[in-house]
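What follows is one structure encoded as structure tokens, with my remarks underneath.
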Amino acid sequence: MPSKLSKWGNSLGVRLPSYIAERAGLRNGDYLYITLMDSGDIVIRPVKQTDVHPGYATAGEAEGKPLAVLSDEEVLKEW
């Protein structure tokens, strides 16, 4: 299904059809890896919990809670 590329601030953005987001298990605020292949193809895949290095576990994860993704504000506050 073709999608239209649109201006979004200083960047360009594409909308994912809801059925694709649902089938991929994506939700608003999820992070995605975007890779440009040598062939010129663009590959988009979700960031999975296993993609995070174990040394970066949160305190909640050590207690058996799911991994939390910090907001930009929380990251800046921590640094």
Legend entry - Hphob cluster co-occupancy, Y33 + V43, side-chain heavy atoms under 4.5 angstrom: no
Inset, instruction - Evaluate whether atom NZ of K7 has more than 12 neighbouring non-hydrogen atoms of other residues, nucleotides or ligands under 6.0 angstrom away. - result: yes
Legend entry - Qualifying residues under side chain to side chain donor-acceptor pair (under 3.5 Å), relative to D41, sequence neighbours excluded: S39
Legend entry - S3 side chain reached by V14 side chain, heavy atoms, under 4.5 Å: yes
Inset, instruction - Nearest 0.5 Å please: distance from the CG atom of L12 over to the CG atom of L5. - result: 4.5 Å
Inset, instruction - Indicate if L16 and I42 have the same hydrophobic cluster label, given that clusters are the connected sets of ILVMFWY residues with side-chain heavy-atom separations under 4.5 angstrom. - result: yes
Inset, instruction - Identify the heavy atoms of G25 and D30 that sit nearest to each other, and give their distance. - result: O-OD2, 3.9 Å
Inset, instruction - Give, for atom CD1 of I44 and atom CD1 of I20, the distance between the pair rounded to the nearest 0.5 Å. - result: 9.5 Å
